[in-house]
Novice: 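This is the structure I have questions about; it appears just below.
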Amino acid sequence: MEVGQMQRQWVDYTKSLFLEGFLDGQFLQLQQLQDESNPDFVVEVVSLFFEDSEKLLNDLTRALEQPTVDFKRVDAHVHQFKGSSSSIGAQRVKNACIAFRNFCEEKNTEGCVRCVQQVKHEYYLVKSKLETLFAMEQQIMAAGGSIPMLELNF
């Protein structure tokens, strides 16, 4: 496949991530911080998000499995997850965390258990989508191309 075609596929795929609500403008801001001096910036930041998220999801699951749920602790984990997902532009994960925090405030264990499943679902979806995006970028770079700059004008 020629570079121009790969770049067009990358643009279409990236646009779909925004249109389907997986990503928001914060992700574009991250991309704008990447340059020749730090070409892997976005991948590095998102990889850290993935590492932190796995730990947070495990902590959340364990906290909700306790005989007596410490809702302050659960809420603190959800708050942290909301902040980190927001910082990379993972909009659907962030929105699931907002709903989760409401159940924490109500001390609703059933609601929290449902929400942790929803947060996990959204997290693993966006993780898969971003891994696909990064693989596409690697193919473009390996073929001698560059990653197009994208603006939210679609």
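Everything numeric in this text was worked out from a predicted model, so none of it was measured.
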Novice: Just wondering, do Thr109 and Phe71 contact through their side chains at under 4.5 Å, heavy atoms?
Specialist: yes

Novice: How many angstroms lie between SG in Cys112 and CG in Asn102, if you round to the nearest 0.5 Å?
Specialist: 10.0 Å

Novice: Among Asn58, Val116, Asp59, Leu57, whose side-chain contact (heavy atoms from CB on, under 4.5 Å) with His77 holds?
Specialist: Asp59

Novice: Using a strict cut-off of less than 4.0 Å between a Lys/Arg side-chain nitrogen and an Asp/Glu carboxylate oxygen, indicate whether Lys127 and Glu122 qualify as a salt bridge.
Specialist: no

Novice: Same cluster for Leu60 and Ile98 if Ile/Leu/Val/Met/Phe/Trp/Tyr side chains link at under 4.5 Å?
Specialist: no

Novice: Can you list the steps and then say if Leu133 with Phe27 is a side chain to side chain contact (heavy atoms under 4.5 Å, CB included)?
Specialist: CA-CA 12 Å; Leu133 183 72; Phe27 187 78; 3.9 Å; yes

Novice: Gln138 versus Phe134: any side-chain heavy-atom pair under 4.5 Å?
Specialist: no

Novice: Begin with the C-alpha distance, continue with both residues' side-chain angles, and end with the deciding distance and a verdict on side chain to side chain contact (heavy atoms under 4.5 Å, CB included) for Lys94 and Phe81.
Specialist: CA-CA 8 Å; Lys94 177 189 77 177; Phe81 200 23; over 6 Å; no

Novice: Test of understanding: clusters of I, L, V, M, F, W, Y form through side-chain heavy atoms closer than 4.5 Å, transitively. Do Leu56 and Leu48 belong to the same one?
Specialist: no

Novice: How would you list, by chain and number, every residue that makes a side-chain hydrogen bond (donor to acceptor under 3.5 Å, both in side chains) with Arg73, sequence neighbours excluded?
Specialist: none

Novice: Assigning hydrophobic clusters by single linkage (Ile, Leu, Val, Met, Phe, Trp, Tyr; side-chain heavy-atom cutoff under 4.5 Å), is Val43 placed with Leu33?
Specialist: yes

Novice: Evaluate the side-chain proximity of Val126 to Arg92: yes if any heavy-atom separation is below 4.5 Å, no if none is.
Specialist: no

Novice: Report yes if some heavy atom in the side chain of Phe50 is under 4.5 Å from a heavy atom in the side chain of Glu131; otherwise report no.
Specialist: yes

Novice: Which residues pass the side-chain hydrogen bond (donor to acceptor under 3.5 Å, both in side chains) test with Glu110, not counting sequence neighbours?
Specialist: none

Novice: Taking the side chain as every heavy atom from C-beta outward, state whether Leu23 and Leu28 have any pair of such atoms under 4.5 Å apart.
Specialist: no

Novice: Membership question, hydrophobic clusters at under 4.5 Å side-chain separation (ILVMFWY): are Val3 and Met1 in the same one?
Specialist: yes

Novice: Does any donor atom in the side chain of Lys120 or Thr61 lie under 3.5 Å from an acceptor atom in the other side chain?
Specialist: yes

Novice: Is there a side-chain contact between Gln91 and Gln26 (heavy atoms, below 4.5 Å)?
Specialist: no

Novice: State, with a plain yes or no, whether a side-chain heavy atom of Met136 is found less than 4.5 Å away from one of Met6.
Specialist: no

Novice: What I'd like to find out is whether the side chain of Val11 reaches to under 4.5 Å of the side chain of Pro148, using heavy atoms alone.
Specialist: yes

Novice: Keeping the roles fixed (side chain from Glu20, backbone from Phe22), state whether a donor-acceptor pair exists under 3.5 Å.
Specialist: no

